[in-house]
> 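The structure under discussion is supplied below as structure tokens; questions concerning it will follow.
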Amino acid sequence: MPDMAKAPVSLIRLHGVEVPGSPEAVASSWDEASRILTAWGETAPPAHHGYHKVDFQVLFANGTEYGGRFDLQHGGRESDGATLEAHVHTFALCH
């Protein structure tokens, strides 16, 4: 598998499956994706009280694609405090 941990991001697609209104967004950086998730997280439950499912697809500059689900809690992070970037990089380092 190509190294996702070092390749820059070209595009990040987000779909707030359980976010009210089921919004979709496209970001061109991890920072932009974090801002979107933080905004969507305003309606999410607090840590350890549930989450909103967010599907994502990341396209890296080297052509690698990775998709999955992010469990969004209030504040725009997962229950362990991970950002989407940390979530994806953890996967890349473990596989």
Side-chain angles (χ1 to χ4, degrees):
M1 173 183 289
D3 190 353
M4 292 185 293
K6 295 181 182 177
V9 167
S10 292
L11 193 71
I12 304 167
R13 290 183 185 90
L14 302 167
H15 177 210
V17 179
E18 293 183 341
V19 176
S22 192
E24 294 186 24
V26 175
S28 59
S29 69
W30 292 118
D31 287 341
E32 185 179 5
S34 288
R35 286 191 296 274
I36 293 165
L37 292 170
T38 297
W40 290 0
E42 290 299 315
T43 63
H48 310 294
H49 293 286
Y51 52 82
H52 288 331
K53 293 176 188 167
V54 175
D55 291 336
F56 67 88
Q57 184 75 29
V58 181
L59 174 62
F60 293 89
N62 65 5
T64 301
E65 290 188 42
Y66 172 68
R69 187 180 91 197
F70 187 76
D71 296 337
L72 178 67
Q73 294 192 328
H74 193 80
R77 296 173 178 251
E78 289 191 307
S79 63
D80 63 359
T83 63
L84 178 61
E85 180 178 14
H87 174 94
V88 171
H89 284 178
T90 297
F91 176 84
L93 293 172
C94 294
H95 292 85

> Examine distances only and state if a side-chain atom of Gln73 and a backbone atom of Gly50 form a donor-acceptor pair shorter than 3.5 Å.
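Yes; judged by distance alone, with no hydrogens or angles, the pair exists.
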> Looking only at heavy atoms, what is the nearest atom pair of Pro23 and Pro20, with distance?
CD-O, 3.6 Å
> Can you measure from CD (Glu78) to OG1 (Thr83) and round to the nearest 0.5 angstrom?
9.0 Å
> Hydrophobic clusters here meaning ILVMFWY residues chained together by side-chain heavy-atom distances under 4.5 Å, can you tell me if Tyr51 and Leu14 are in one?
no
> Return yes if some donor-acceptor pair links the side-chain N/O of His52 with the main-chain N/O of Glu18 below 3.5 Å, else return no.
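Such a contact is found between His52 side chain and Glu18 backbone.
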> Is any side-chain heavy atom of Glu24 less than 4.5 Å from a side-chain heavy atom of Arg13?
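When only atoms from C-beta onward are counted, Arg13 and Glu24 do not touch, as no gap falls below 4.5 Å.
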> State, with a plain yes or no, whether a side-chain heavy atom of Val88 is found less than 4.5 Å away from one of Phe70.
no
> As a quick check of understanding, evaluate side-chain hydrogen bond (donor to acceptor under 3.5 Å, both in side chains) for Ser29 and Asp31, giving each step before the final call.
CA-CA 5 Å; Ser29 69; Asp31 287 341; 5.3 Å; no
> Would you give the length of the straight line joining atom NE2 of His74 to atom OG1 of Thr38, rounded to the nearest 0.5 angstrom?
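Atom-to-atom, His74:NE2 and Thr38:OG1 are 9.5 Å apart.
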> What pair of heavy atoms forms the shortest contact from Gly16 to Val54, and how long is it?
CA-CG2, 4.2 Å
> Ion pair present between Arg69 and Asp71, side-chain N to carboxylate O less than 4.0 angstrom?
yes
> Is there side-chain contact between Ile12 and Ile36, with heavy atoms separated by less than 4.5 Å?
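No - every pair of side-chain heavy atoms lies 4.5 Å or more apart.
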> Identify whether Val9 and Leu59 are in the same connected component of the hydrophobic contact network (ILVMFWY, side-chain heavy atoms under 4.5 Å).
no
> Using the rule that Ile, Leu, Val, Met, Phe, Trp and Tyr join whenever any side-chain heavy atoms are under 4.5 Å apart, tell me whether Phe56 and Val19 fall into a single cluster.
yes
> What about Leu11 and Leu37, same hydrophobic cluster or not, with Ile/Leu/Val/Met/Phe/Trp/Tyr joined at side-chain heavy-atom distances under 4.5 Å?
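Each belongs to a different hydrophobic cluster.
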> Say whether Val17 and Trp40 are linked into one hydrophobic cluster, either directly or through other cluster members, by side-chain heavy-atom distances under 4.5 angstrom.
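Not linked; separate clusters.
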